[in-house]
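To start, the structure itself, in C-alpha cells.
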Protein chains: 2
Amino acid sequence: MPKSKICIRKMCFSVETVKRLSLYLRDLRKLAKKKIELISSNKITQLLNISPAQFRKDLSYFGEFGKRGVGYEVKKLIKKLEEILGINKEWRIAVVGVGRLGSALLRFEGFSKFNIKIKTAFDISKKKVGKVINGIKIEDVRNLERVIKKEKIKLSLICTPPQVAQDITNRLVRAGIRGILNFAPVALKAPNNVFISNVDMACELERLIFLLNNER
Amino acid sequence: MPKSKICIRKMCFSVETVKRLSLYLRDLRKLAKKKIELISSNKITQLLNISPAQFRKDLSYFGEFGKRGVGYEVKKLIKKLEEILGINKEWRIAVVGVGRLGSALLRFEGFSKFNIKIKTAFDISKKKVGKVINGIKIEDVRNLERVIKKEKIKLSLICTPPQVAQDITNRLVRAGIRGILNFAPVALKAPNNVFISNVDMACELERLIFLLNNER
DNA sequence: TACACTTTGTGAAAATAGGAACAAATGCCA
DNA sequence: TGGCATTTGTTCCTATTTTCACAAAGTGTA
Ligand SMILES: NC(=O)c1ccc[n+]([C@@H]2O[C@H](COP(=O)([O-])OP(=O)(O)OC[C@H]3O[C@@H](n4cnc5c(N)ncnc54)[C@H](O)[C@@H]3O)[C@@H](O)[C@H]2O)c1
Ligand SMILES: NC(=O)c1ccc[n+]([C@@H]2O[C@H](COP(=O)([O-])OP(=O)(O)OC[C@H]3O[C@@H](n4cnc5c(N)ncnc54)[C@H](O)[C@@H]3O)[C@@H](O)[C@H]2O)c1
C-alpha cells in the first residue's frame, strides 16, 4: 500500500501534514480569542506535542507566512490556513444512518466553525423518515441518489450498520459523492478519485488496551 | 515530536502496527463467521488495502503464527491476536460526559466484542445524574476520583465539552487512569505513563475538504 | 550605523516505515 | 520418494518523514 501523498506547488507532503494544519488552526483560534496577536513556532507547538521545525516545514509547503525575528500574525495565519484547508467556503454534507451516532452528529453544532453544514440525512427506518432533527429533514434512503445529485453534495458521513456500509458507499459514489467519512467498522472500497477517511473507535480503544497490557 | 514507538521482544514497531492488528482481527472474525478456516497473507490483505508483506511483518514482531506453503489458521490467529492486543480479558472503562455523544456510546453494544465493558459514567448535570442508560448508572462527576479508584478502572473516554476536558484529564490521572480516549477537540496534557488517543472528527472532515479542494 | 538577539525558512542528515525478493518450510501428487 | 507449487518469515533496500542546524531576515538599542 503506497501511503497517500499530496503534491502541489512542486512539493510533496503527506496527509499527516494536513491533519496538523487542522490542529494549528484550532490552537490559533484559541489564541485569537485570548487577543494574542503574535505567536512563534516555538510557543504554538509547546501545547501540541509537535516540534517547532515540523510546524515551520508544514507551513512551508504552502508559502511563507511568518516574519523572521518576529513570528506569525495570529489572525493572518488563521485566514491563510482556512484558505489552504478550503474551509473559507461552505461545504454541504449528507449523513446516512440516523441512529444513535448519526443523530448525535445532526445535533452537533461544532462543525459550523469549519463551514461544514449538514444539509440532508437519510435513513431506512419508517419511524425516522420525515422527522426533522435540528432543522435537518430525514429523507428516505431510497431517494439517496436523487437528493445528493439535486443538492450537488460532495461529502457524506456514513453512520449505518457495517453490513450495509459498502452498499451505501457504492450508491453515494454513483450519486457523485467525492469524500466519505466512515464510522462503520469496515474497510470500504471506492474508486481512487473518491477519498475515504475512517473514524474507528474500536481500533483506538484496542490500541490503548494494547499499550496498557504491554507496559515495561 | 518523536513518533511513539513500542519495543518488546527486542524489536521495535510503531503504533501503526497495532492499529493494523485490529483491522486484521476484524477481518479474521468475518472469515471465521463464513466458516473459512485457512487464509493466506495475500487473500486477507486484498480487502484491506495493505500489502501482504506488511501483514507478515506486523505479525512477525510477535511470533510465528502461519505455516509455510499453507497460510494461517483463522481461529488460531484470532486467538493469538486477541492475546497480543490484550482483549482476551475484560477491560472495564468509564465515560465522562453523557451528552449526545456520550449517551450514544453508552448504548453502543459493539465494544463487547473486544471485551470492553462500560462500567460507569459521570456527568455534571443534575438532570442526568442518577439516571440509568443501558444498565449503566450515571454518577455525579464530583465522585469521579472515588468511583474510579474503588472500581479500579484504568481506561476512560472523555465526551465533555472541550473547555473542561483538561480538568477532567487531570482528575482521571490522579484517580489512577492509565489510558484516555478523547473526543473533545483539544490537545490534552498528561504524564508520559498515561496514554492518550484522540478521535478528532473535525480534523478528519477538514482533511477530506482539503483533498477535494486541491485536486489536480 | 554597528552589534546583539530573535525567529523564520530550508537544505541536508537522521530516523522510520514500507516493500521486494528470496531462502526455508510445507503440502501435493505422480 | 522426488519434484513442483505455495506461502511464510526475514533480510536488505528504498522511500518517506522528521529533525537538525544554519543562513537569511527582521527588531531593538546605543
Ligand atoms: N454508537 C456508537 O457509539 C458507535 C461507536 C463506534 C462505532 N459505531 C458505528 O457507527 C455506526 C452507527 O452506530 P449507531 O450506534 O448509531 O447504530 P444505530 O443502530 O443506532 O443506527 C444505525 C442507523 O442506520 C439506519 N440504517 C440501517 N440500514 C440502513 C440503510 N440501508 N440505509 C440507511 N440507513 C440505514 C438504521 O435505521 C439506524 O437508524 C455503526 O456502524 C457502528 O458500528 C457506533
Ligand atoms: N456530538 C457530536 O457529534 C460530536 C462530534 C465531534 C466532536 N464532539 C465532541 O464531543 C464532546 C461531547 O459532545 P456532545 O455533542 O456529546 O456534547 P453535549 O453538550 O451533548 O454533552 C456534553 C456533556 O458533558 C457534560 N459535562 C459538562 N461539563 C462536565 C463536567 N465538568 N464533568 C462531567 N460532565 C460534564 C454535560 O452535562 C453534557 O451532558 C464535545 O467535546 C464535542 O466537541 C461531538
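In what follows, chains carry the letters A, B, and so on, assigned in the order in which the sequence lines appear, proteins first and then strands, with residues in each chain numbered from 1.
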Report which part of the nucleic acid B:Phe65 touches: base, sugar-phosphate, or nothing (heavy-atom distance under 4.0 Å, all strands). sugar-phosphate
Whole angstrom is fine here: how far is it from CG in A:Leu38 over to C1' in D:dG28? 15 Å
Hey, is the side chain of A:Gln54 poking within less than 4.0 Å of OP1 or OP2 on D:dT17, counting only N and O atoms? no
A:Ala53 side chain: which of C:dG19, D:dA21, C:dG9 is closest? D:dA21
I'd like to know whether A:Ile87 forms a side chain to side chain contact (heavy atoms under 4.5 Å, CB included) with A:Leu25, so could you lay out the CA-CA distance, the side-chain angles of the two residues, the decisive distance to 0.1 Å, and finally the verdict. CA-CA 11 Å; A:Ile87 59 175; A:Leu25 174 58; 3.6 Å; yes
Are side-chain heavy atoms of A:Leu101 and B:Phe108 found at a separation under 4.5 Å? no
Identified ring pair (Phe, Tyr, Trp, His ring centres under 6.0 Å) partner of A:Tyr24 from the options A:Phe55, A:Tyr72, A:Phe62: A:Phe55
d(B:Ile177 CD1, B:Leu155 CG) to nearest 0.5 Å is 6.5 Å
In whole Å, what is the span from the CG atom of A:Asn42 to the P atom of C:dC5? 18 Å
With a 4.5 Å heavy-atom cut-off, do A:Ile6 and B:Phe210 have their side chains touching? yes
N or O in side chain of A:Ser14 less than 4.0 angstrom from D:dT17 OP1/OP2: yes
For a 4.5 angstrom cut-off between non-hydrogen side-chain atoms, does B:Ile209 reach A:Ile116? yes
Would you say that A:Phe122 contacts A:Ile168 through its side chain, given a criterion of any heavy-atom pair below 4.5 Å between the two side chains? no
Tell me: CG of A:Leu59 to P of C:dT8, nearest whole Å? 10 Å
Within the pair A:Ser41 and C:dT7, is there a side-chain N or O less than 4.0 Å away from OP1 or OP2? no
Taking the basic N atoms (NZ, or NE/NH1/NH2) and the acidic carboxylate oxygens, is any pair closer than 4.0 Å for A:Glu82 and A:Arg29? yes
Is there a residue in residues 70-84 of chain A whose heavy atoms reach under 4.0 Å of DNA chain C, and which residues are they? A:Val70, A:Gly71, A:Tyr72
Quick one: does B:Asp58's side chain have a donor or acceptor within less than 3.5 Å of a partner on B:Thr17's backbone? no
So which of residues 188-196 of chain A are in contact with DNA chain C, with a heavy-atom cut-off of under 4.0 Å? none
With a cut-off of less than 4.0 Å, is there a side-chain N or O of B:Ser60 near OP1 or OP2 of D:dG9? no
How close or far is atom C1' of D:dT7 from atom CD1 of B:Ile39, stated in whole angstroms? 13 Å
Expected rows: protein N/O vs nucleotides 22-24 of chain D N/O, under 3.5 Å:
{"from": "D:dA24", "atom 1": "N3", "to": "A:Arg68", "atom 2": "NH1", "distance (Å)": "2.9"}

What's the separation between atom NZ in A:Lys80 and atom CD in A:Glu64, rounded to the nearest 0.5 Å? 12.0 Å
Rounded to whole Å, the NZ-P distance (B:Lys5 to D:dT19) equals 12 Å
Atom CD of B:Glu64 to atom P of D:dG9: distance rounded to whole Å? 5 Å
Separation of C:dA17 atom P from B:Asp58 atom CG, nearest Å, is 11 Å
Expressed in angstrom and rounded to an integer, what is the separation of B:Ile6 atom CD1 from C:dT16 atom P? 13 Å
Option passing side-chain contact (heavy atoms from CB on, under 4.5 Å) with B:Ile39 (candidates B:Asp27, B:Leu31, B:Thr45, B:Val70): B:Leu31
As a test of understanding, state which of A:Arg26, A:Lys19, A:Arg20 forms a salt bridge (Lys or Arg N to Asp or Glu O under 4.0 Å) with B:Asp200. A:Arg26
Look at the side chain of A:Lys57 against the base of D:dT19 and say whether a donor-acceptor pair falls under 3.5 Å; ignore hydrogens and angles. yes
